[in-house]
Undergrad: 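Okay, here's the structure, questions in a sec.
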Protein chains: 2
Amino acid sequence: MSDQKTTSDTRERILDVAERLFMDNGYEATSMRAITSAAEVNLAAVNYHFGSKEALLCEVFRRRLTWLNEQRLQALDKLEAQAAGAPLKPSQILEAFFGTLLRMGEDPSLGGMTFLRLLGRTLTEPAEFIRTFFAGEYAQVIDRYKRALFRALPDVPKAEIVWRLHFMLGAMSYAIAGTDVLQVVTGCEVGDLAGEASCDDPDTVLARRLAERLMPFLLGGLRAPLPQFHEEANKQKEPSSKTV
Amino acid sequence: MSDQKTTSDTRERILDVAERLFMDNGYEATSMRAITSAAEVNLAAVNYHFGSKEALLCEVFRRRLTWLNEQRLQALDKLEAQAAGAPLKPSQILEAFFGTLLRMGEDPSLGGMTFLRLLGRTLTEPAEFIRTFFAGEYAQVIDRYKRALFRALPDVPKAEIVWRLHFMLGAMSYAIAGTDVLQVVTGCEVGDLAGEASCDDPDTVLARRLAERLMPFLLGGLRAPLPQFHEEANKQKEPSSKTV
DNA sequence: GTCTATAGGTGGATAGAC
DNA sequence: GTCTATCCACCTATAGAC
């Protein structure tokens with residue numbers, strides 16, 4: 001990875017095209033032939049550069065997720081440095097986690113909405129190698145954020161926080177992955193929901209509107225009154241509904 | 001569909017097995033051969049009974065969704081009759097919509113968690129025929145519930161309600177579809193999150209716990225303060241944050 | 001309704017020349 | 001690094017006997 005003068009853009013072209021086609025059609029329904037012909041490279045090039053179709057998919061994600069993971073950890077580092085030992089506010093944590101991702105959607109050079117949609121869709125793919133891959137990619141970052149939320153919400157049972165983190169991930173993933181489902185389900189064009197018309201790229205506008213809408217929703221869900229518990233409740237709290 | 005004395009359970013056996021395999025592997029990765037051999041029927045039986053693999057998938061959903069749609073509409077009818085013209089409470093509407101679905105997860109004869117997971121995963125599949133199918137299946141019910149929410153939250157801009165309905169659908173779908181992602185992402189077993197051990201089927205317990213956890217989260221999100229608006233805000237409200 | 005047999009096609013991967 | 005040619009496993013769907 002050092003001295004090829006033309007680390008020929010073949011590699012990058014394949015990754016760009018694969019990203020788009022995997023998003024449009026899904027992993028299984030996208031053939032190597034479709035990728036290589038759209039990228040105008042030879043069929044054998046994928047196996048030469050990546051080894052297999054599975055490895056190609058992983059590389060499509062790795063090139064974006066490495067950057068995203070760094071950004072998310074840095075955002076948390078920065079907040080914690082500013083707080084000087086005090087717990088963070090939940091809204092700050094959510095902004096660092098979800099805001100960092102959603103800002104990728106506004107920047108085509110980071111993959112834009114194409115990558116975000118692909119990510120949202122692929123997270124629920126059943127294939128074993130995909131689940132294993134994401135587990136490894138996400139483990140460290142999720143763990144850091146989980147601990148930040150535990151500190152930020154000391155009165156909420158940890159199991160409850162974990163559930164809600166999961167709900168938040170789901171709301172975001174579907175909101176991103178299903179921007180076309182949205183139209184269908186709601187009978188509205190995304191343009192109508194986005195507010196005023198804009199001169200920018202529609203995807204960029206969508207990413208911005210999404211962030212504005214999603215963040216209050218997630219925060220409201222995270223801080224909702226706790227559910228009733230049944231027998232002995234969790235260690236730290238009296239059961240009945242209380243706003244956290 | 002009337003006089004075959006043995007409307008041989010071949011048909012039902014295929015549907016049951018297809019439901020499970022589509023859930024385990026996804027639509028594209030599940031072959032007719034895998035289905036017919038697991039169901040112990042002949043390879044040609046699927047095409048005889050359903051016509052094609054696509055039609056089989058649609059039928060897998062139709063046999064559950066028809067019932068679900070009826071239940072959801074009846075639940076709303078009943079609430080509206082009780083209210084005698086007054087708007088419903090948001091919590092009632094969510095209970096009717098999401099509670100009805102989640103109760104399917106507790107009843108294996110209605111598909112149980114297998115069907116719920118399949119539904120959650122399939123909603124984001126890119127294949128055109130799937131999107132078209134769901135659009136037709138859901139349109140009527142979603143429209144009724146949308147209008148109920150508009151009435152229940154007259155001070156919230158309609159576009160905002162539509163966004164939040166979408167977020168809620170997403171949170172629920174992922175929460176269901178990704179109960180194994182949950183383990184991986186959070187480092188917990190589902191059992192740990194479910195609270196006490198139980199003698200029931202683990203999936204049934206999970207469905208119950210999920211409902212208890214999810215409903216407060218969704219309600220908190222739906223009723224969260226409105227986001228800031230930029231230029232001219234929506235017609236009905238002053239912009240800055242207000243709890244609805 | 002069920003079965004066998006097969007048509008007719010596409011998939012991922014690789015060997016080996018250049 | 002790129003290309004052609006090819007292997008072969010597997011797919012959906014159907015024709016036609018029983």
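So you know, we letter chains A, B, ... as the sequences are listed, proteins then strands, and number each from 1.
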Undergrad: By the 4.0 Å heavy-atom rule, please label B/Thr30 as base, sugar-phosphate, or nothing.
TA: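 Touches sugar-phosphate only.
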Undergrad: To the nearest 10°, let me know how far the axis at one end of the helix from C/dG1-D/dC18 to C/dC18-D/dG1 is tilted from the axis at the other, five pairs an end.
TA: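 One end's axis against the other's: 0°.
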Undergrad: Distance check needed: C/dT2 P versus B/Phe50 CZ, whole Å only.
TA: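 To the nearest whole Å, that distance equals 11 Å.
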Undergrad: Among B/Phe50, B/Phe133, B/Phe134, which residue meets the side chain to side chain contact (heavy atoms under 4.5 Å, CB included) test with B/Cys58?
TA: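 Looking at B/Phe50, B/Phe133, B/Phe134, the match for B/Cys58 under the side chain to side chain contact (heavy atoms under 4.5 Å, CB included) is B/Phe133.
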Undergrad: A/Lys53 has an atom NZ; how far is it from atom C1' of D/dC10, in whole Å?
TA: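 Whole-Å distance recorded here is 14 Å.
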Undergrad: Taking only heavy atoms on the protein side, list every residue of residues 37-49 of chain A lying under 4.0 Å from any atom of DNA chain D, sorted numerically.
TA: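 DNA chain D contact set from residues 37-49 of chain A: A/Asn42, A/Ala44, A/Tyr48, A/His49.
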Undergrad: Check whether B/Arg72 reaches the backbone of B/Ala96 with its side chain - one donor and one acceptor, N or O, closer than 3.5 Å.
TA: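 Absent.
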Undergrad: Within this structure, what is the CZ-to-P distance between A/Arg13 and D/dG1, rounded to whole angstrom?
TA: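 Atom-to-atom, A/Arg13 to D/dG1, this comes out as 15 Å.
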Undergrad: Among pairs that include at least one residue of residues 19-37 of chain A, which meet side-chain hydrogen bond (donor to acceptor under 3.5 Å, both in side chains), considering only residues two or more places apart or in two chains?
TA: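 Passing the test, one end in residues 19-37 of chain A: A/Glu19-A/Arg64, A/Arg20-A/Thr114.
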Undergrad: Expressed as a whole number of angstroms, how long is the span from A/Arg33:CZ to C/dG12:P?
TA: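 Rounded to whole Å, this separation is 7 Å.
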Undergrad: Is it the case that the side chain of B/Asp201 and the backbone of B/Thr204 share a donor-acceptor pair, with hydrogens and angles ignored and the cut-off at 3.5 Å?
TA: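 Confirmed, B/Asp201 side chain pairs with B/Thr204 backbone.
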Undergrad: Donor-acceptor check, side chain of A/Arg213 to backbone of B/Arg164, threshold 3.5 angstrom: yes or no?
TA: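 No, the answer is negative, given that no donor and acceptor are paired below the 3.5 Å cut-off.
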Undergrad: Is the backbone N or O of A/Glu40 less than 3.5 Å from a side-chain atom of A/Arg13, with the two atoms forming a donor-acceptor pair by type?
TA: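 Indeed, once roles are kept as given, a pair shorter than 3.5 Å links the two residues.
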Undergrad: What's the separation between atom CD1 in A/Ile93 and atom OH in A/Tyr145, rounded to the nearest 0.5 Å?
TA: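 The OH atom of A/Tyr145 is 8.5 Å from CD1 of A/Ile93, to the nearest 0.5 Å.
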Undergrad: Atom OG1 in B/Thr100, atom CG in B/Leu94: separation rounded to 0.5 Å?
TA: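 Going from the OG1 atom of B/Thr100 to the CG atom of B/Leu94 covers 11.0 Å.
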